Amino acid sequence: MAAKGEMLYAWTTDTAIAAKAECGGAVTALLKYALENKMVDAVLAIKKGQDVYDAVPTYITDPKELKDTAGSLHCGTILLSKVITKYLKGAKNKKIAITVKGCDLMGIYELAKRKEINLDNLLLIGVNCGGTVAPVKARKMIRDVFKVDPDTVHKEEIDKGQFIIEYEGGHKGIKIDELEDNGHGRRTNCRRCLYKVPRQADLACGNWGVIGEKAGKATFVEICSDKGADLINKAAKSVAIGTCPAEPKGIEMRGKVESAMLKLGEKWRKRDFTALKNNLWSIIGNETSRCIKCYSCIENCPVCSSAAVKANGKSSLMVDNGVLPPNPMFHMRRFAHISDSCINCGQCEELCAMDIPLALFSHAIRSEVDVAFEPKLGASAYKN
Ligand code: FAD
Ligand code: SF4
Ligand code: SF4
Ligand code: SF4
């Protein structure tokens with residue numbers, strides 16, 4: 001029997017899932033098992049829409065539909081936490097299994113702290129995350145740098161430090177470092193992200209560390225909770241998945257890649273935050289002068305709850321009708337109230353109508369607050 005803390009290789013025994021899965025298909029097989037066996041009432045996952053740049057959140061109650069969600073979409077920048085509060089009543093009356101990246105998970109925890117999500121009703125299947133590329137920028141990068149028509153791409157992946165595309169007539173990979181040095185590649189918040197293996201989920205699944213004959217055919221699973229162990233054991237017993245212990249060498253390799261990714265994240269934090277260090281407030285003032293008050297930054301932020309922007313039941317956004325740009329207090333107030341809880345998910349920046357680098361600002365302010373209260377925690381992020 002597998003237990004919390006163990007690491008193993010797992011793979012689906014369902015050929016339809018295996019054909020579409022990113023690695024071993026264990027994630028989809030486990031979601032299917034949980035739904036079929038009524039461990040949950042529904043699954044929330046991501047599936048491909050029109051093309052590889054179109055990641056669609058999908059609510060599933062029929063296990064047969066789960067195979068459509070297999071595979072990883074690295075140009076899928078959706079955050080699932082607010083989907084749960086906006087459309088699924090905070091999972092307060094339904095048990096839901098969800099595939100989560102680190103930022104999805106952090107958003108869920110923040111909303112659970114605010115009592116907007118019932119964590120007990122969630123089964124959290126985590127996927128490791130090296131980062132995502134914004135869809136519009138991905139298209140531009142593929143056209144300008146890869147010299148490929150983005151509409152002909154049918155698969156993309158990030159592997160061994162490269163962004164790789166498969167398209168009609170071939171495949172091509174370019175090093176992420178090279179792309180990012182030239183202004184392409186992952187979203188800037190993803191570069192600064194230090195949550196690569198989502199260990200606060202019930203399971204943390206990925207491809208790092210799968211070696212030997214199972215390379216490319218199995219999913220690396222770290223069991224992070226008793227709930228996760230229970231799911232793995234039941235699914236293995238019913239032969240929905242196959243499992244074997246992870247190779248010690250594979251565990252070591254996974255640890256090394258994770259450490260290298262964390263160092264890279266620290267490097268980006270230092271680079272991004274140092275550039276702001278002496279002029280943060282004047283840069284914020286200049287950039288936010290383009291604001292058109294679309295309020296997308298509030299609407300999509302997992303820690304910016306509607307309750308927080310209202311006082312005494314009235315809207316208190318500190319803006320005047322018909323005036324653009326808004327009073328700078330609109331932004332200052334927002335930055336102030338999220339300064340202790342911004343999770344660097346990038347949603348505010350990505351969905352800002354005026355391309356204002358909002359996540360950079362809120363993440364820098366959050367890091368500065370961390371430094372003030374936890375000098376050791378924040379030192380490496382901001383002070384060096
Ligand atoms: P499958 O059975 O194919 O299931 C994949 C699951 O991921 C599905 O439930 C699907 O809905 C969900 N999904 C797809 N795209 C997204 C998305 N954008 N956001 C949230 N959920 C999504 N593993 C590593 O070890 N190292 C990495 O650097 C790494 N980076 C990743 C980056 C991204 C953006 C994603 C989505 C995954 C990443 N993974 C990484 C995890 C890896 O790609 C596989 O998801 C994991 O190994 C599980 O494989 P599987 O065959 O069992 O998954
Ligand atoms: Fe992945 Fe972190 Fe970017 Fe979220 S913020 S998509 S977890 S790299
Ligand atoms: Fe995410 Fe932006 Fe909100 Fe921070 S402020 S949690 S980056 S949406
Ligand atoms: Fe202003 Fe951008 Fe926020 Fe819209 S998303 S209100 S334009 S800062």
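FYI, the numbering just counts along the sequence from 1. Here the structure is a predicted model, which means the values were calculated and not measured.
Listed by first then second residue, pairs satisfying side chain to side chain donor-acceptor pair (under 3.5 Å) with a partner in residues 235-251 number zero, not counting sequence neighbours.
Contact of the C291 side chain with the L324 side chain is not registered, since no non-hydrogen atoms from C-beta on lie closer than 4.5 Å. Annotation: side chain of P150 is in contact with side chain of R143 (closest heavy-atom distance under 4.5 Å). By the 4.5 Å heavy-atom criterion applied to side chains, C304 and H337 are counted as neighbours. Contact of the T77 side chain with the P135 side chain is registered, since non-hydrogen atoms from C-beta on lie closer than 4.5 Å. Side chains of R334 and C297 form a contact here, defined as non-hydrogen atoms less than 4.5 Å apart.
Hydrophobic cluster of W268: the remaining members, joined at side-chain heavy-atom separations below 4.5 Å, are L264, listed by chain and number. In the hydrophobic clustering (ILVMFWY side chains linked at under 4.5 Å, chained through shared members), L231 is joined by L8, V27, L30, L31, Y33, L35, M39, V40, V43, I60, L66, L123, I125, V127, L203, V221, I223, I232, I241. Its side chain outside the 4.5 Å cluster rule for every partner, L351 clusters with none of the Ile, Leu, Val, Met, Phe, Trp and Tyr residues. Side-chain contacts under 4.5 Å among hydrophobic residues (ILVMFWY), followed directly or transitively, place V133 together with V52, Y53, M141, I142, V145, F146, V148, V153, I158, F163, I165, Y167, I174, I176, L179.
In the hydrophobic cluster analysis, where Ile, Leu, Val, Met, Phe, Trp and Tyr join through side-chain heavy atoms closer than 4.5 angstrom, I108 is grouped together with I46. The cluster map of Ile, Leu, Val, Met, Phe, Trp and Tyr, joined by side-chain heavy atoms under 4.5 Å apart, puts L111 and M106 in the same cluster. L124 and L44 fall within a single hydrophobic cluster, where Ile, Leu, Val, Met, Phe, Trp and Tyr are joined by side-chain heavy atoms under 4.5 Å apart, directly or via other members. In this structure, F335 is a member of the same hydrophobic cluster as L280, with clusters built from ILVMFWY side-chain heavy atoms closer than 4.5 Å. Following chains of ILVMFWY side-chain contacts shorter than 4.5 Å, one can reach I78 starting from Y59, so the two form part of one hydrophobic cluster.
Listed by chain and number, the residues in a ring-ring contact (aromatic ring centres under 6.0 Å, His included) with H363 are F273 (sequence neighbours excluded). For Y295, the ring-ring contact (aromatic ring centres under 6.0 Å, His included) partners at least two apart in sequence or on another chain are F330. E258 meets the salt bridge (charged side-chain N to carboxylate O under 4.0 Å, His left out) test with R199; sequence neighbours excluded. Every residue two or more places apart in sequence or in another chain was checked for a salt bridge (charged side-chain N to carboxylate O under 4.0 Å, His left out) with D54, and none qualifies. Residues satisfying the side-chain hydrogen bond (donor to acceptor under 3.5 Å, both in side chains) criterion with E6, sequence neighbours excluded, are absent altogether.
Of all heavy-atom pairs between P302 and S81, the closest is CB-OG, 3.7 Å. Between A353 and I292, the closest heavy-atom pair is CB-CD1, 3.8 Å. Taking each heavy atom of Y9 and F220 in turn, the nearest pair found is CE2-CD1, 3.7 Å. Closest of all the heavy-atom pairs between D120 and K227 is O-NZ, 3.4 Å. Taking each heavy atom of N128 and G206 in turn, the nearest pair found is ND2-CA, 3.6 Å. Here the closest non-hydrogen pair linking N286 and S289 is O-OG, 2.6 Å.
The backbone N or O of D320 lies less than 3.5 Å from a partner atom in the side chain of K293, making a donor-acceptor pair. The closest donor-acceptor contact from the side chain of K67 to the backbone of A16 lies at 3.5 Å or more, if one exists at all. Not one N or O on the side chain of N327 forms a donor-acceptor pair closer than 3.5 Å with the backbone of M318.
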Enumerate donor-acceptor pairs with a distance under 3.5 Å from any side-chain N or O in residues 354-361 to protein atoms, sequence neighbours excluded.
none

For residues 83-94, dump all side-chain donor-acceptor pairs below 3.5 Å to protein atoms at least two apart in sequence or in another chain.
residue	atom	partner	partner atom	Å
T85	OG1	K82	O	3.0
K86	NZ	E299	OE2	3.2
K92	NZ	K115	O	3.0

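The pair E36-K32 meets the salt-bridge criterion, since a charged nitrogen lies less than 4.0 angstrom from a carboxylate oxygen. For E266 and K263, the salt-bridge test fails: no basic side-chain N is under 4.0 Å from an acidic carboxylate O. In summary, D202 and K4 do not engage in a salt bridge, as defined by a charged side-chain N under 4.0 Å from a carboxylate O. Residues K101 and D104 are paired through a salt bridge, judged by an N-O separation under 4.0 Å between the basic side chain and the carboxylate. Taking the charged nitrogens against the carboxylate oxygens, R192 and D272 do have a contact shorter than 4.0 Å, which makes a salt bridge.
Side-chain atoms of T132 and R187 form a donor-acceptor pair, as typed in the model, at a separation below 3.5 Å.
Residue-environment remark: NZ (K155) exceeds the threshold of 12 foreign heavy atoms within 6.0 Å. With a 6.0 Å radius and a threshold of 12 heavy atoms from other residues, nucleotides or ligands, K20 has its NZ atom above the threshold. Within a 6.0 Å sphere centred on NZ of K172, heavy atoms belonging to other residues, nucleotides or ligands number more than 12. Environment of NE2 in H154: crowded, with over 12 heavy atoms of neighbouring residues, nucleotides or ligands closer than 6.0 Å.
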- Given R254 and V197, is the side-chain contact (heavy atoms from CB on, under 4.5 Å) satisfied, shown in steps? CA-CA 10 Å; R254 176 178 179 259; V197 178; 3.4 Å; yes
- Message: Please evaluate residues S341 and E110 with respect to the criterion side-chain contact (heavy atoms from CB on, under 4.5 Å), reporting the C-alpha separation (whole Å), side-chain torsions for both, the decisive distance (0.1 Å), and the verdict.
- Response: CA-CA 8 Å; S341 49; E110 287 300 328; 3.6 Å; yes
- Message: For K217 and C23: C-alpha separation, side-chain torsions, deciding distance, then whether side-chain contact (heavy atoms from CB on, under 4.5 Å) applies.
- Response: CA-CA 6 Å; K217 296 182 202 139; C23 329; over 6 Å; no
- Message: side-chain contact (heavy atoms from CB on, under 4.5 Å) for L105 and Y195? Distances and angles first, verdict last.
- Response: CA-CA 10 Å; L105 193 54; Y195 199 19; 3.4 Å; yes
- Which is it for K48 and D68 under the salt bridge (Lys or Arg N to Asp or Glu O under 4.0 Å) test, yes or no, and what are the steps along the way? CA-CA 8 Å; K48 187 165 115 178; D68 302 335; over 6 Å; no
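Of the listed residues (R186, R271, K267), just one forms a salt bridge (Lys or Arg N to Asp or Glu O under 4.0 Å) with E180, and that residue is R186. Exactly one residue among D144, D151, D149 makes a side chain to side chain donor-acceptor pair (under 3.5 Å) with R139. That residue is D151.
Remark: K214 is positioned above the aromatic ring of W11, its terminal NZ or CZ atom under 6.0 angstrom from the ring centre and at most 45 degrees off the axis.
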